[in-house]
Each structure stands twice: as C-alpha cells, then as structure tokens.
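Please read the structure below before turning to the comments.
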Amino acid sequence: MGRAAGQSFPLRHGATRGVRRWIGAGTGALLLSGCMVGPDFQPPPAPDVSGYTPEGKLAPAAATTIAGGMPQTFVTGLDVGGQWWREFGSPQINAFVEEAVRNHPDVKAAQYALQSARQSVLQAQGALTPQIPGTFSATREQVPAASGGTTGAPSLYNLYNASVSVTFTLDVFGGLRRQVESAEAQARYQRFELEATYLALTANVVTAAITDASLRAQIAATQEIIAAETDQLHRVQRQFEVGAVSQADVLSQQATLAQTQAALPPLQKQLAQGRNQLMAYLGRLPSQDRGESVNLAQLRLPGKLPVSLPAQLVRQRPDIRAAEATLHQAAATVGVNVANLLPQFTLTPSLGTEALTMGQLFTPQSLAWTVAANIQQQLMDGGQLYRTKEASVATFEQDYALYQSTVITAFQNVADSLRAVQYDAATLRAQAAAERSARDSLTMAQQQFKVGAISYAIIINAQQTYQNALISRIQAQATRYTDTVALFQSLGGGWWNRTDETKAALPRDGGYLQGPDGPATAATKDAAPATPEASNASMETTR
C-alpha cells in the first residue's frame, strides 16, 4: 500500500542530500521542457517610406543678410548631437539647460519612476526562485494525566520545533516568465518616459530663452519708436505754434504716439510671464529670477540640419519607443493570461525537526521530511480566466493601434518642422525687405513733408507701417531659431548620444529595513519610541 502524498517520513542517512538532488533535477527538467505560451513580441516594422515630404529632398532654407538669416541646408542621415542646444552658440542657453536638467522635479521624478520599475523587474524575477520560509517555535505544555486515561500528576514538558519548507512553482507554460517580460517592458517604458521628459524640458528651456530674447528686442524697438515719435510730436507742436501745421496734425501725432505706448505693456506682460515660465523650467521660484537673458542678435543659427531616415526615427523618438514598450507589455500580459488557463504545477518539499530538548532538536531521530507535488486546474469559474485573457488580447490590439497613431504623429511633427524651417526662412527674408522699405518710406515722407510736398497724414501712416514691420522682423528672427529647436525635438533630441540616467534611476541596494534616504527624507521624521504620553496624545488627537 502506497503512502499518502505529504506524509512525514523519518529521514535516513543521506536523505537530505538526495531530496535536494531530486528537487533540482526534476525542476530543471520541467523548466527545460516547458514552453512560453502566448505571443512572442517583436517591434513593428518602420513605415515603408523614404522621406517626410512628397518631393523627397528639400531645397535649402532661404538666406538673408541680417542676424538669424543664415542659410540652412538639410542633410539626410546626419546624426542629432546629444547636446544639440550648443549649436546656437550661446553660453547662457547652455547654462539654462544644465540648470534645468539638474534641478527640475519632473526629471527627478522620472529617474525614480525608472528605478521603481527596475525594482519591479527584480521582484518579478524572484518568483522564479524557490520560496523558503523558516520557522522555529518553543512550547511549554502541561497535560493532565486524565487526558491519557491514567491518574496521577500532570505531565509537564517542553517542545521545540524547527522547520524549513520550500515552495517552488514550476513555470511549465511560462506564465511567470511572461510576468518578468511584462515588468521588463514596463521598465523600458519608464526609460523612454525619462527621455521624453528630458527632451521636452530641454526644448522648452531653449524655446523660452529665445522667446525671452525676442520679447526684449521687441520692447527695446518699441521704446525706440516711442522716443522717436515723442521727438516728432515736439517738432509738430513747435510747427503748430508758428502756424506751419494745423492742430489736426498735432492730434494725429499724439494719437500715433499713444497707440505705440499702448503696445508696450502687453509686451512687458508677456516678458514677465515668460520669465516666470523660464524660472519654473529651471526649478526656481519666480522670486529667484536673477535676470540672466539671451541676446537675440548674438545667437547662431545652425547651418546644417539633420534629417533622420524614417527607419531611424522610430528608434529615436522617445514617444514611439515608449508606445512600443507598452505594446510589448500588453503582448506579455496575453501570455500570462493564457498560462493562467492551463494547469499550475507546484513542488513543496519541507524539512523539520521536533524534540523535547534543545540538544535533541537536530539529531537524526528528530528529523522529518515531506515532498508534495500539486497540480491545480480551474475547472469552472464562470469564464473569468477566459474573459480576462480575451480582454488582454483586445488591449493588445488597442495598444497596437495607439502605437501606429504615435508613429503617424511623429512623422507629422518632423514634416511640420521641416516645412516651418523652409517657409519661415522665406518669411524672414520678406520681413527684412519690408522693414527696409518701410524705413526708407518713412525717411522720404519726412523729407517731403519738410518741403510741403505731402500732408502729415502720410507721415503718420509711414510711422505705423515701419513700427509694424520692425516688430514683425524681430518675431520672424526668433521664429527661425525656434523652428530649429522644434526640428531637433521632433527627431528625438539625440538622447542616444548622451547619458541621461543618474544614480536615482538604478535599483538601490539599501538596508533590509531601510526607508527613504534621498531628497524625500525632508518630508519625513524619525520614528520616536512609543511612550504612554505619546499614546495618550494620539488618542486625544483621534477624539
């Protein structure tokens, strides 16, 4: 007659070693013969296109002779530098970016999110190893003699027990390995979320610095126009006093000056709010603004602009790589749910010892062992496991569609940036020509008015035309720089040519019971030992 599974046996000489060999051999054989059910993920292929625009190769961006009007050519296959912002030749922009990356909380949060995801991978991998709990107990017990059917004094004795058990899930169908695969995909998602955070922050900092420089130039130009129009008003007033012009001409000049003055506060408001945004990007508070700024006229426009191949773009864009990781995680989840529909195999050997004295606790006579194998299969659950699997399949299909949408948007971003560089260069050339014409027209009108050839209304119109042309030219200059920023950003920002991870992104090897030891410790306090006074205070607070 066979023994029941799980029954204890006295351990003979060498039995422990034999059990270990049996467990190891059986486990290895099952894992080697085991499969991984569910889909095996592979990255989707890149779109089968050769470029981003219908005409393929783009003509160089138009050039003009003013600052910000340098020629730009598109170089297919040129790599994006890891520190692309240095292409603008501004030490202040470089300093802004370094400060933002060092201080902004979003970057730090992304680093710790990556660390958390990597810790989850290690946790998932732990499920593939045996789980070995150990217990020890000591019991002092008195048993009345009557419980044994005798009379006399009660029996008083000590009982000591120590045991070690092993629980090992045989991953025959790969459910646990698919869970590890899912956790690794989540870690890759967080890896590219870090890069997306880094890319957005650096692009926003550079754009904010350029916008700040543009607004400063617009304000300075507006103030110069106000000074010129004020001087012109004084001249008109003197001419009116001697009867050379009518009062209507004076009033017209006053109205023109007032309109120009009214344009100044909105620019100053934009500048102030833009400074607040720039300070936020740098990780500062608005009151910590030290006044650093960039001079628009001193910026350098990169002459050669990279245009990554479409097959490279899908490996460079952090948002595409993050969407790919999400798709991979969804595929692994399908595998986990398929494995849950199949039998689950568990092996549970245990080794224990029990004795009346500590000295006898680890002798061969006190040892006992069991080996239990368990196969579990859900026979009826109302279709819950099946529907869970089907839901994960639908999620996988959804994530694939979202991945395709992300790719389409990425290609649109690149195409938009290329068109912006191309057409805004032509806009700057036209605005520069318009400014020159407006300035010459104003000068000529002023000369003609002196000799009485034209009315003062023509001078007023020429002043307004020149003012608008000057501001539009400054805006067009800044746009050429921000278009270049947008192109670098749309191509992925060159993260593959630098190291953005810090120590905070790596799994921490802290003490077993150690809590936070980073910046977040500012939001904690050391646990105080419990005292009656503290307990009473806690109860009063609860009431």
Side-chain angles (χ1 to χ4, degrees), residues 61-70 210-241 244-271 274 293-299 301 423-483:
T64 187
T65 56
I66 66 173
M70 292 76 79
I210 293 171
T211 302
D212 178 84
S214 173
L215 288 169
R216 290 177 183 274
Q218 292 177 56
I219 289 173
T222 302
Q223 290 172 335
E224 289 178 4
I225 293 172
I226 290 173
E229 290 180 350
T230 301
D231 181 65
Q232 182 66 20
L233 176 60
H234 293 159
R235 293 184 181 184
V236 174
Q237 286 174 333
R238 286 195 295 270
Q239 290 177 326
F240 170 70
E241 291 171 357
V245 298
S246 66
Q247 186 176 12
D249 293 334
V250 175
L251 294 176
S252 295
Q253 182 63 35
Q254 288 176 337
T256 300
L257 175 59
Q259 289 178 354
T260 306
Q261 291 173 330
L264 188 59
L267 291 174
Q268 293 171 325
K269 180 182 107 172
Q270 291 180 53
L271 177 64
S293 63
V294 174
N295 188 329
L296 188 65
Q298 294 178 353
L299 291 178
L301 197 63
Y423 291 117
D424 285 339
T427 299
L428 177 58
R429 172 185 280 184
Q431 290 292 353
E435 180 191 4
R436 286 193 299 270
S437 297
R439 183 176 61 249
D440 293 343
S441 177
L442 176 59
T443 301
M444 182 178 294
Q446 289 172 337
Q447 292 173 348
Q448 291 178 334
F449 177 76
K450 290 180 180 179
V451 298
I454 61 173
S455 67
Y456 197 76
I458 296 178
I459 289 185
I460 297 297
N461 183 65
Q463 287 177 338
Q464 292 175 338
T465 300
Y466 173 66
Q467 176 185 352
N468 293 334
L470 176 58
I471 297 300
S472 296
R473 188 265 299 167
I474 295 172
Q475 293 172 340
Q477 279 180 297
T479 299
R480 287 210 66 185
Y481 293 109
T482 56
D483 287 344

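Residues: numbered from 1 along the sequence shown.
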Quiz item: Can you list the steps and then say if Leu215 with Gln218 is a side-chain contact (heavy atoms from CB on, under 4.5 Å)?
Solution: CA-CA 5 Å; Leu215 288 169; Gln218 292 177 56; 4.1 Å; yes
Practice problem: Determine the minimum heavy-atom distance between Ala221 and Leu470, stating which atoms define it. | Solution: CB-CD2, 3.5 Å
Quiz item: Do Thr256 and Gln463 meet the criterion of a side-chain donor-acceptor pair at a distance under 3.5 Å?
Solution: no
Quiz item: Are the side chain of Asp231 and the backbone N or O of Ala227 linked by a donor-acceptor pair below 3.5 Å?
Solution: no
Practice problem: Indicate yes or no for a side-chain donor-acceptor contact from Arg480 to the backbone of Met70 under 3.5 Å, with no hydrogens or angles considered. | Solution: yes
Quiz item: Out of curiosity, Asn461 CG to Ser252 OG, how far, rounded to the nearest 0.5 Å?
Solution: 11.5 Å
Quiz item: Heavy atoms, side chains only, cut-off 4.5 Å: are Leu428 and Ile66 in contact?
Solution: yes
Quiz prompt | Heavy-atom side-chain proximity of Thr230 to Ile226 below 4.5 angstrom | solution = yes
Quiz item: To the nearest 0.5 Å, what is the distance between CG (Leu442) and CD (Gln447)?
Solution: 10.0 Å
Quiz item: With a 4.0 Å cut-off, would you call Asp440 and Arg436 a salt bridge?
Solution: no
Quiz prompt | Spacing of Arg235 atom CZ and Phe449 atom CZ [to the nearest 0.5 Å] | solution = 11.5 Å
Self-check item: For the student: nearest non-hydrogen atoms of Ala213 and Asn295, plus distance
Solution: CB-C, 4.4 Å
Quiz item: Rounded to the nearest 0.5 Å, how far does CD of Gln232 lie from CD of Gln253?
Solution: 5.0 Å
Quiz prompt | From CD (Glu229) to CD (Gln259), nearest 0.5 Å | solution = 9.0 Å
Exercise. Indicate yes or no: at least one non-hydrogen side-chain atom of Ile210 is less than 4.5 angstrom from one of Leu299.
Key: yes
Practice problem: Return the minimal non-hydrogen interatomic distance between Ala476 and Gln431, and the atom names on each side. | Solution: CB-CG, 4.1 Å
Quiz item: Are any non-hydrogen side-chain atoms of Gln254 and Leu251 less than 4.5 angstrom apart?
Solution: yes
Exercise. Give a yes or no on whether the backbone of Gly69 and the side-chain of Gln477 come within a donor-acceptor separation of less than 3.5 Å.
Key: no
Quiz item: Are any side-chain N or O atoms of Arg439 and backbone N or O atoms of Tyr466, one a donor and one an acceptor, separated by less than 3.5 Å?
Solution: no
Quiz item: Looking at Ala63 and Arg429, what are the two nearest heavy atoms and their distance?
Solution: O-NH2, 2.8 Å
Quiz prompt | Nearest-0.5 Å distance that lies between atom OG1 in Thr211 and atom CG in Leu296 | solution = 10.0 Å
Quiz prompt | Heavy-atom check, side chain of Pro265 versus side chain of Lys269, under 4.5 Å | solution = no
Quiz item: Given side chains that start at C-beta, do those of Tyr456 and Val245 come closer than 4.5 Å, heavy atoms only?
Solution: no
Quiz item: If you take all heavy atoms of Ala438 and Ala469, which pair is closest and at what distance?
Solution: CB-CB, 4.1 Å
Self-check item: Shortest non-hydrogen contact from Thr222 toward Thr260
Solution: CG2-O, 3.8 Å
Quiz item: Short question: side chain of Ser441, backbone of Ser437 - any donor-acceptor pair under 3.5 Å?
Solution: no
